[in-house]
Structure formats: structure tokens, C-alpha cells
Novice: 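Dropping a structure here in C-alpha cells format, bear with me for questions.
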Amino acid sequence: MNKYRTHNCNELRKDNDGDKVVLSGWINKKRDHGNLLFIDLRDNYGITQCIIDKENSNFEKLEKIQLETVIKIQGKVIKRSNDSINKEIKTGEIEVIIQNFEVLGECKELPLPVFSDQEYAEEIRLKYRFLDLRRKKIHENIILRSKVISFIRNEMIKHGFLEFQTPILTSSSPEGARDFLVPSRLNPGKFYALPQAPQQFKQLVMVSGFDKYFQIAPCFRDEDARADRSPGEFYQLDLEMSFVEQDDVFKVVETLFVNTFKEFSNKKLLFNKFPKISYKESMLKYGSDKPDLRNPLIINDITDIFLRKDVSFEIFKKLVKQGSNVRCIITKNTKDKPRSFFDNIDKWAKEQGASGLAYFTFEKDKDNLISAKGPVGKFFPEEALKEIMSKTDAKIGDSIFLACGKQIDLEKITSLARDKIAKDLQLIDNNTFAFCWIVDYPMFEKDEITKSIKFSHNPFSMPQGEIDKIDFKNPLEILAYQYDLVCNGIELSSGAIRNHIPSLMYKLFNIAGYSKLDVDQKFSGMINALSYGAPPHGGIAPGIDRIVMLLADEKNIREVTMFPMNQNAQDLMMNAPSNVSENQLKELNLLIKKK
RNA sequence: GGGGGUGUAGCUCAGUUGGUUAGAGCGAUCGCCUGUCACGCGAUAGGUCGAGGGUUCGAGUCCCUUCACUCCCGCCA
């Protein structure tokens, strides 16, 4: 028999009545009645109420003991009387009468209470993460994360994928995010980089003939943090397949996500077959390439209305003549909303840096004529209103919010407004997951500052269309087999069918300003491998942390990360990053520049 | 790099128009209490009001500077 326990703290039931047991765990809570003491003993599995009275010689010692001390108790299980059963816990029908106990791990006065639903400052939670992780909600989140990863791994293996590890110390790449660098001792002055993703390696795995690969892969990017973005490191389900087209990848991923989300959440899936939305359509209808499809509001472009002679909204008309566009959002049946509802949204838009949102409501007057009610309604005669209604599917009683500006600013403000208005009108069903694919990303985009052409996503993506018919003269028109998976407005994943043809790759890199020599030098491993018989291949890499975040219904990625860093990329518990000794620096041929 | 929010007891927070000795709950310590499960009751200790400077007869409160944490923008192929 194990000397620490015969049962865990979630095991004993009324059938155990009379059993002699040994339990070990943390003191979760004490309730001291002077001559009678209740102790809630907690371990990973649950809680068992233990009890001792003054007759026992251990009583005084246990009465003084600190919460969160680890103890072992020997005792006897007894059934609780009917009126003292606790239905909140699985062991609530019994309790253990303590006969003897032993302290296994002492506990100092706590810097934060473990038994409490209160929220605490992150700083103290991160410093004492081992205490924070004992708390119920986050403890369960971390267990969920483990189960999700196991489940995904099983599913992948079931579908014939092989799991491989790829190097953590690799080379710096010129594209993408900022690298974390590791100095090389044996190669003075040179550096390894931690992989931003195993992108090149997984392609090399395909070239090596392994057909289907996956990995729960750590990825390192030295960029600033956000609520849904850990600084430094995160995990991807990295996967790649040979001899596939885009739809083959989609099929695998959809099956995986539907199964995973059904297994770990009770929320509804809005689509079992994820809709595909082109990048262009998404930017127009939702103002974003990560639309929240739970939100029924849709953006329409009605620039043409402001070319009509009978419309007299001169501010917008002037801007339209100068090249601006007008986009709008229709809200259904909002004619009875108070003025303050509309004005609040206009005020909010101004706070977001826009010039505000104009609005009016479609009405019918007593002569059955359509009119517009609202501050700018008078500028729109009936015929113009009819045209707006047919373009936007608006009905009498609906309202319209209008924004005018340059396309990029319009996309930004209408996207934000779409979220804001839906939130105010409570249009979003929080009990739903709405997945979609965003497809047909442009291969290139124009850098607004330098005016040069650059890759808009992954330079290794395959352009669409027949290869010998691609119009390289108009690079901004070239679409790529590049796709994102989005759920509830969160970007979960990016992927692509890869370009496995070196000659085509040189052409595309040339457009982005890289010579053949540049490509040969910077991507030598890749380009070399693709020259020796590479299969067509493609893949994707869903973010594990964000998947768990959605399943755990958490807003912050640190709630599903066991030992996260803070916003300044510091580990407050381990004191990382830290200074190193002169000797270590010397070995690495490094000098620290004094300020 | 830029913008917003927060910072008061170990923890979570209150603190009015600038005005006497800065408060509460939890936790800690001590005492009372044999059926609680957020047990209850009483007492005690615990404060550089993030830091520095300024205005003022007087600053937790107003002003300036600065630090920490956090959210957002930039950034994240």
C-alpha cells in the first residue's frame, strides 16, 4: 500500500462507510467550531470533508495549521446524516473522521488566497503561478488544454498523420516576424534563430516523402503581446500533406474542428460545413478578414447613391468626388430606438478616430411615401431611398449608419461599428461557434509607405490559375491558394497550398524585389530541396492556445497557459530574462553595450 | 514607439469640495463556540496612499515627472 493515500480526495462514497482510509492533500478550508473542526482536504481530483473533535490529541495542532499546508490524514469514513449532505461536491455524502495526521509540506502565510473566486492582479498571480494554478477555474483550464491536445493528437494519428519533431535551433529568416536569436559558442559571431513556425521544415518533410505530417509545435516570435497573443512563444497544430488541393486540407481540418469542438464544448456549431468567403468579399461585407459570423450585420457599399443629383448630402458628395467611398450598415427594425442609441454610436465612432457615423431611419409617412427620419434624412428624397433599400435589402422601420472615407479607413471603422452596434443591440449569440474559411488572398500587396510590392502573406504560397498563364505584369491581381480559418472573429489559423516549383518561386520573389541570388542565399535549404523532385503539397497550422481559449470561454490567453510571461515578456516567477555572467558572455563572444 | 485604464493594509476594494488620528471585507494573531460546508461572535496587529518633485496654512485627493501592471494601435509572412 502506498504510504500517502489509499484514495484520492474525490473517490470516497457512502459505500465506503466504515472504511479506514489514508488521504493526502492541501488544506483548502477550515471551519473551526471550538470543540469541533472541519477540514476540506483538496487534491487534483476533488475535495473531501474531514472532521476532528476536541477529544482527539491532534485537535489543537490541526486547529492552528495554515491553509494550503499539505497533510496526510488517517481516519475512518462515515456516512453523513441526511441534513448535512453537501450536494455541491462528489464526496458530499460522507466525511472522514481524522484519527491521526502528519504534515507533509508546510505553508507560509499566503500572498494570495487559493480558496476564493475573487480576481487578482496579474502581477501577483504570475509571480505565484504555482498557487494561482491550484485555483479551480484555471486548474480546470489547464486540464482542458491537456485533454484537447491529446484528443487532437489521437485524431491526427487516426487520419494517418505522422508526428515528427523539427529543430528548435535553426536559422534566421528574412520574412515575417522578429526572430529570437541564440548566440553560437562554436561559431563566434553567428546566431541561431528560434523557429517562428516549422514552416520550411514541414515542407522539407514532404519533399522527404513522408506524405502526412503533424506536430504540436512551439513557435517563437519576438513581437508585442495582446490579450489573445502571448509574447514570445505559443503552440500550433502544424500539419502538412502531399498531393493535395485546397479542399483536401479543408476536409481534414473541418472534421478535426467539428469533432474537437463537439467533444469539449456544449455550444452550438453554426456551420458543420464551414462557409468559404473570399478575402475581397470579407473586406467589403465585414470590413475585416476575420469576421465574426455570429453577427448578422453586413456592410454595403453605396457610393453610387452620392452621385445622384437628387441627393443633397453635400459633405459626402464632395468627398466621393475626391475619391472616397460610402459604406453603410443596416439595423433591422430599429425605428423605435431612442435618439440616444444613435447618438451614442455616432459619439463612439468619433472616439475611434472616425468623423462619426451619419444615420437615419426608413419610414412611411401618412401619404404612404418613403421618407428618412434623422439628422441627415432630409438630404435623401424618396427615389434615392428606394435605391438604397434595394441595394441593401433595408425595409421600412430599419435604420442605416453611414460612413464616408478612403477604403482602408472605411474598412476599419465599419468593421468596428459592426461589432459595436451588434453588441449594443445584443445580436451576438454567445452560445455559438461560427467557423468560416477566408480564401483567395492576394499574393502581393502594396506597401503604403514605400509604395513597393511585397508578399501579403506567405511567400511560399502557390499562386492560383494555370502557371503558364499567370499575368506577372499585374502582380496585385494574382490570387494565392492561401487561406485562413476564423471562428467568432478570432483568426485561428493560416495555411496554404505551397509553391513547389523553383522557377515560379524565383519569378514571384523577383516581383517582391528579391534577386535569384537573394533567394538562393536566404532560402537555400528550401530552394535546393524543391529542385530534387518535390511533391505538390499544402497545409495549415491552427493555434492551439486560441482553440483552448474558445473552448474554455476565456478572453485572455494567459488563462489557458500554464506559465505565461507578462506583457513585457518577463517571467515573474522564474525571473526571466536575467543577467548572465561575464564568463558566459565571454564564451559566446558577446559584449553588452553600456548605455 | 504611441494612446487609454489602474496603482491605498498580505489579498479585494471604499475614501465626498483639498481639512481632525486613512476605513471595510477576507487573510494573520489571540479568545469564545460540537454540524459547518463563503460557519458564527469578540479583540489585536498590520499603511513610504507606487516613487520623486511642486502648489497650498494643509495633499491619498490638485499639477508636473517617473515607475509598474493591464487593454488597444503600430508590429505579429
Novice: Starting from Watson-Crick (N1-N3 plus N6-O4 or O6-N4) and G-U wobble pairs under 3.5 Å, report the runs of at least three that RNA chain B belongs to.
Specialist: B:1-7 with B:67-73, B:10-13 with B:23-26, B:28-32 with B:40-44, B:50-54 with B:62-66
Novice: Is the shortest side-chain N/O distance from Q567(A) to OP1 or OP2 of rC71(B) below 4.0 Å?
Specialist: yes
Novice: Within the structure, does a side-chain N or O atom of K522(A) lie under 4.0 Å from either OP1 or OP2 of rA77(B)?
Specialist: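 Result: no.
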Novice: Looking only at the side chain of N568(A) (C-beta and beyond, no hydrogens), which of the listed nucleotides rU12(B), rG1(B), rC69(B) gets closest?
Specialist: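 Within the option list, the nearest is rC69(B).
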Novice: Could E93(A) and R13(A) be called an ion pair, given the rule that one side-chain N must be under 4.0 Å from one carboxylate O?
Specialist: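 Between R13(A) and E93(A) there is no salt bridge, as every charged N stays at least 4.0 Å from the carboxylate O atoms.
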Novice: Assign S456(A) to base, sugar-phosphate, or nothing according to its heavy-atom contacts below 4.0 angstrom with the strands shown.
Specialist: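 Since only primed, P, OP1 and OP2 atoms lie under 4.0 Å of S456(A), the category is sugar-phosphate.
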Novice: Hey, is the side chain of R80(A) poking within less than 4.0 Å of OP1 or OP2 on rU36(B), counting only N and O atoms?
Specialist: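 It does not, given that no N or O in the side chain of R80(A) lies less than 4.0 Å from OP1 or OP2 of rU36(B).
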Novice: Report which part of the nucleic acid Q570(A) touches: base, sugar-phosphate, or nothing (heavy-atom distance under 4.0 Å, all strands).
Specialist: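 If one applies the 4.0 Å heavy-atom cut-off, Q570(A) turns out to touch the sugar-phosphate alone, with no base involved.
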Novice: Of all the choices, rC69(B), rC33(B), rU36(B), which nucleotide is nearest to the side chain of E122(A) once you look at every atom?
Specialist: rC69(B)
Novice: Taking only the P atom of each, what is the distance from rC32(B) to rG19(B) in whole angstrom?
Specialist: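 Rounded to whole Å, the distance is 44 Å.
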Novice: Base, sugar-phosphate alone, or nothing: which one does I51(A) contact when heavy atoms must sit under 4.0 Å apart?
Specialist: base
Novice: If you look at every strand shown and take non-hydrogen atoms under 4.0 Å, does N566(A) touch a base, only sugar-phosphate, or nothing?
Specialist: sugar-phosphate
Novice: Under 4.0 angstrom, heavy atoms only, what part of the nucleic acid is K454(A) near: base, sugar-phosphate, or nothing?
Specialist: nothing
Novice: Is H33(A) stacked on the base of rU36(B), meaning ring centres closer than 5.5 Å and planes within 30 degrees of each other?
Specialist: no
Novice: With C1' as the reference atom in both, quote the distance from rG42(B) to rC63(B) in angstrom, rounded to an integer.
Specialist: 46 Å
Novice: What interatomic distance, in whole Å, is found between P of rG2(B) and the corresponding atom of rU65(B)?
Specialist: 13 Å
Novice: Between the side chains of D132(A) and R135(A), is the shortest nitrogen-to-carboxylate-oxygen separation below 4.0 Å, so that they form an ion pair?
Specialist: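 Counted as a salt bridge, because a side-chain N and a carboxylate O are separated by less than 4.0 Å.
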Novice: Hey, what's the ring geometry for Y279(A) with Y441(A), parallel, tilted or perpendicular (30° and 60° as the breaks)?
Specialist: tilted
Novice: Just to confirm, is there a sub-4.0 Å distance from OP1 or OP2 of rC73(B) to any side-chain nitrogen or oxygen of R226(A)?
Specialist: yes
Novice: With rounding to the closest Å, how many angstrom separate the C1' atoms on rG25(B) and rG15(B)?
Specialist: 15 Å
Novice: If you look at every strand shown and take non-hydrogen atoms under 4.0 Å, does D228(A) touch a base, only sugar-phosphate, or nothing?
Specialist: nothing
Novice: Hey, does the side chain of N28(A) come within less than 4.0 Å of rC37(B)'s phosphate (OP1/OP2), counting only N and O?
Specialist: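 No, no such contact exists.
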Novice: For rU56(B) and rA9(B), measure between their C1' atoms and round to the nearest Å.
Specialist: 29 Å
Novice: Does K412(A) or E55(A) map to a spot on RNA chain B nearer the 5' end, using the closest nucleotide for each?
Specialist: E55(A)
Novice: With rounding to the closest Å, how many angstrom separate the P atoms on rU21(B) and rU8(B)?
Specialist: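 Here rU21(B) and rU8(B) have their P atoms 23 Å from each other.
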Novice: Counting the atoms with a prime plus P, OP1 and OP2 as sugar-phosphate, which does E123(A) contact under 4.0 Å by heavy atoms, base, sugar-phosphate, or nothing?
Specialist: sugar-phosphate
Novice: Mind checking whether I511(A) and F472(A) have side chains closer than 4.5 Å, heavy atoms only?
Specialist: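 Result yes, sub-4.5 Å side-chain heavy-atom pair found.
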Novice: V114(A) vs R42(A), test: side-chain contact (heavy atoms from CB on, under 4.5 Å). Steps then yes/no.
Specialist: CA-CA 11 Å; V114(A) 171; R42(A) 182 196 76 239; 3.8 Å; yes
Novice: Does a distance-only test, which skips hydrogens and angles, find a donor-acceptor pair under 3.5 Å between the side chain of E95(A) and the base of rG35(B)?
Specialist: yes
Novice: If you measure from the P atom in rA24(B) to the same atom in rU66(B), how many Å do you get, rounded?
Specialist: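 The answer is 37 Å between these two P atoms.
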Novice: For the residue pair F509(A) and F523(A), categorise the inter-ring angle as parallel (less than 30°), tilted (30 to 60°) or perpendicular (more than 60°).
Specialist: tilted
Novice: Counting only side-chain heavy atoms from C-beta out, which of rC75(B), rU70(B), rU36(B) sits nearest to R229(A)?
Specialist: rC75(B)
Novice: Please work out if R558(A) contacts a base, only the sugar-phosphate, or nothing of the nucleic acid, heavy-atom cut-off 4.0 Å.
Specialist: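 R558(A): backbone/sugar contact only, no base atoms under 4.0 Å.
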Novice: Could you tell me whether the side chain of Q196(A) and the main chain of R221(A) form a donor-acceptor pair under 3.5 Å?
Specialist: no
Novice: Starting at the 5' end of RNA chain B and moving along, which residue's nearest nucleotide shows up first, L126(A) or E223(A)?
Specialist: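 So the residue in question is L126(A).
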Novice: Hey, is R418(A) close enough to D292(A) for a salt bridge, meaning N to O under 4.0 Å?
Specialist: no
Novice: Per the side-chain contact (heavy atoms from CB on, under 4.5 Å) rule, which among Q246(A), R498(A), M443(A) passes with Y481(A)?
Specialist: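 By the side-chain contact (heavy atoms from CB on, under 4.5 Å) criterion, Y481(A) pairs with just one of Q246(A), R498(A), M443(A): Q246(A).
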Novice: When you look at E11(A) and T91(A), which way does the side-chain contact (heavy atoms from CB on, under 4.5 Å) test go after all the steps?
Specialist: CA-CA 7 Å; E11(A) 238 181 321; T91(A) 61; over 6 Å; no
Novice: Quick one: is rU36(B) close enough that its OP1 or OP2 comes under 4.0 Å of any side-chain N or O from K30(A)?
Specialist: no
Novice: Which nucleotide in the set rC37(B), rC75(B), rG35(B) lies at the smallest distance from any side-chain heavy atom of F38(A)?
Specialist: rG35(B)
Novice: Considering every strand and a 4.0 Å limit on heavy-atom distances, what is the contact class for K64(A): base, sugar-phosphate, or nothing?
Specialist: sugar-phosphate
Novice: For P459(A), report the nucleic acid contact type (base, sugar-phosphate, nothing); a contact means any heavy atom under 4.0 Å.
Specialist: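 Base, at least one base heavy atom under 4.0 Å.
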Novice: Heavy atoms only, 4.0 Å cut-off, all strands: where does E88(A) land among base, sugar-phosphate and nothing?
Specialist: nothing
